[in-house]
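Here the structure is laid out as structure tokens; the discussion comes afterwards.
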Amino acid sequence: MPAFFHTIAARIRGFLRPGDLESDFDQEMAAHLQMAEEDGVRRGLTVDEARRAARVELGGITPLRESWRAAWGLPWLDGFALDAKLGLRMLRRSWGLTLAGGLAMTIVITIAAVGFVFLDEFMGRTAPPLDEGERVVALQSWDVEAHRRRETPRRDLERWGATLQSVEDLGGFQTVERRLMVESRSAEWVRVAEITASGFRLARVPPLLGRWIVEADEHVAAAPVVVIGYDVWQSRFASDRAVIGQTVRLSGILHTVVGVMPEGFAFPVNHRYWIPLRSDPSGSLKPAPEGVVFARLAPGVSLDGAQAELTTIGLLPPATGPASGDARRPRVVPYTFAFTDDVERGELAWQQRIILFLISLLLVPPCLNIALLIYARTVTRQEEFAARFALGASRGRIVVQLCVEVLVLSSAAGAMALALTRPILTQIGEIIRRFPELGGSLPFWVDFDFSWRAAFFVASLTVLAALIAGLVPALQATGRVLPTALRSLGSRTGIPLGPTWTALIAAQVGLALAGLPSTMELAWGHLRPAVLGPGFAAKEFLTARLAVDLQTVPAAEADVPAFAPRVRSMQADVVRQIEAQPGVSAVTFAAALPGAEPVTFVEMDETAVGGRRVRRYVRANQVDRAFFTVFDVRALAGRTFDGRDFGAAATAIVDQTFVRQVVGDGNALGRRVRPVPAPGSDAGPWYEIVGIVPDHPANTSQGRMYVPAPSGARGPASPIYLALHAGPDPAAMSRRLHEIGTSIDPTLRLDEVRPLDEVYGESQITSNLTSYALAIVTLSVLLLSAAGLYALMSFTVTRRRREIGIRMALGAPPARMLAGIFARALWQIAAGVAVGVTVALVLHRRLNIEVEGGWHIPGILPAAAIFMITIGLLSAAGPARRAVRVDPTEALRDG
Amino acid sequence: MSDSESSILQGTLDLMVLKTLEHLGPLHGYGIARRIEQVAERALIVNQGTVYLCLVRLVQKKWIKAEWGVSGNNRKAKFYSLTKAGRKQLQAETANWERVAGVMGRVLHPQTGS
């Protein structure tokens, strides 16, 4: 094996320094011939005879030089460079193909690369960016039956810490929310890591100021301390170096700042505040991602070794309940894996592979289109290939040449994709981070960086694209065309475009058309709310989240049912304060904000259309009595909620889209609907529809259902949202809400104060991205179809040039000529359109576009058909002009 | 030269060159070619050019090394000599060749082989 690598290395050196080797060869051969000549003379030959004999014995300098060069260099690379040069020339000549094909490939490869980076960040990464990060692991309590991460009892954490030899710096953290007050500033809710001192040792990042949390801080009786992050130090303490020793209030408890961590430090996930995890043997750590047990593998120990030891030690039997049914098993996983979903390690790798495969499949449609274009072009190059074939080039050599030509195109597309991916990733990262709900909990190891793995993926896609788009036409062209072309070499009779390819063209038009209406409807459905707006002045409404801070409530008290009335009374107090503000007439509470309602599966009662139970996904919200008044939504039929609905009666109000999608043409009032949470689980209670309201917000694609929820009835653990009409100056009211939020009972928290249009903007991001991606893919498919048709028409004109010339010379009228020339191509377009319309109709009937988030556009199918025919005709226009401009004398002379 | 002869030659030329260099020490290409011709006693026709391609192959594998030097009659020539890896390879190939030759001998002359 070393000899093989030595040879490769020597050949590469020879390839890079061909000049040195040439002169070496010349000198060595000169010495050889001279010695042989002298030998010959010594044997009695004349000088001339000896010289001749020396050359004969050597076997000819020129072939030896060729073999020598081949032995020293990389001959296939020379051939590759030549093919690539030829490919570049071809791309310049067929600029239409280059543009359409290159654009389509670039789009698809870029989408795939962005997808890959996301996948890699969230599923593929195993090592956090810490010192020896690959040795940092998480220890979990894994429920093998439910396939879930369970909470880890603190006594197990302590036992593992005391006994495990295969790991070191074992500890744990859990995220808690605390109300932070620094001096006289307004309070703010922050995410705090309750972490063991070992977490800092494990991360191996020294503090910028002060110290880490130490073991003594974990003691129940120890004075409360906090370590803060760099940006907190900058924003809240104005980078004051005397911050150490100052105090802050976390949910009312004074904590002394003992350390400041350096910039960028966010271990264990994305934390900026760290407080000690107090020793509490009876408690448990929340399951990931909110809580994790971490450790570092001891030197020389593998993950499997640590797992073996942990399995032996196991988990203690549950403190309550029978030990026999305990399905929890301890497992060791790479640290970042602990934050991925509830999956087994092998499962994740498979999921990743399958998604990668699906992403790679995106390449197939554009590449097949490009293959078609390449084939049409190879047919016109039949003579070139036939000549090369006749001169001794093998079929394989010609296939390689064609593939390299396409590789040049796909490499250009790959390079463009590489250049585009990074700025796109930066943009996406910024968008995600701008919205706290999307990016607030992004772990510190997710940076959306373009890794070498992503670059390798793009390179693989580039080669794959070249193979798909180049190999099929190359094999076809050299398999079927070459012998024909050889026979016809020298004559001008063309060879036909095979039936496979003509069928493909019809299929291509058909497919482009088949998908067009649904894609447009999907894109429009997603984009519609952003374009048309919510149908009311959303920016005049302020929203906020109201929740109970359980950290400040003693556990025993929170468990008592009587706690709920206390929350209700506090909430009523908040409402009174807000309603006392000038300009505020009413405040409404809902389980979710309008536009951000959770999606629920519902079914209608048996009396539905045709006796069938209609089941659909809708958005469902629980609202109070004031909801429709505050948003000025009036009933179109029936009524809105009143006092009757908040008693025992189970009533619901639905919107117009709900009626259209779920009820259909019948009368919705009086019908019953119920939620079906998940397949197999029990359905919820039936609700009678008592009113129909306009869509609120308007222009979204899913129907809405409202059920009554008395304010505060959701219990202390679930937050509820309040909304109020703040008038034209929401900023002033927003400040006031913040003030009320900080002045109310510390048990209640009022936060996330923002105007409703911001809520819409946030929920719209993914929809907008989806519609842009759909629009781009559709555009590239249309471009490719147009390019395919253009290539077909051009090919037809080139092939029939002589015939056109003769008919022109005989005085055929141009219109009839055109009809004759393009009859087949136009027939193909018509056939494609017919296929497309049929498939689109079936698709339309089968696919419920509204369920997928689309929106019906009246007349989209005929419009798409006309559009495709127009594209077909436009693609034919250029070649058609060339056809009628054929000069009969020239065509006849050439022919 | 027929195909079968050339294929035998290709397989054995490396071994012949290595053995020559072991036996005679550092030697130039012409010397190696002449030595093989002499030893073969016209039973094998070795194209001298082929020897140079064989030398390239062996240099690339680092079984021999090449250095410019001065020949006996004061001419500048490239001298090839065996490397440590080449010596090891020679031992392995010699053993292999003897084994194959022994087997072939027994197959072709069964009465003398038993």
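Minimum heavy-atom separation, L53(B) to S67(A): CD1-CB, 3.6 Å.
By the neighbour-count criterion of 12 heavy atoms within 6.0 Å, atom CE of M29(A) is densely surrounded, having more than that number from other residues, nucleotides or ligands.
Taking the side chain as every heavy atom from C-beta outward, R34(B) and M35(A) never approach each other to under 4.5 Å.
Applying a 4.5 Å heavy-atom cutoff, the residues of residues 21-28 of chain B that approach chain A are H28(B).
Residue with the most contacts toward chain B among D24(A), L33(A), I61(A): D24(A) (heavy-atom pairs, distance under 4.5 Å).
Judged purely by atom type and a 3.5 angstrom limit, Q60(B) uses its side chain to pair as donor or acceptor with the backbone of A71(A).
With a threshold of 4.5 angstrom between heavy atoms, Q27(A) approaches chain B through its backbone and through its side chain.
E28(A) CD to K78(B) NZ: the interatomic distance, rounded to the nearest 0.5 Å, is 4.5 Å.
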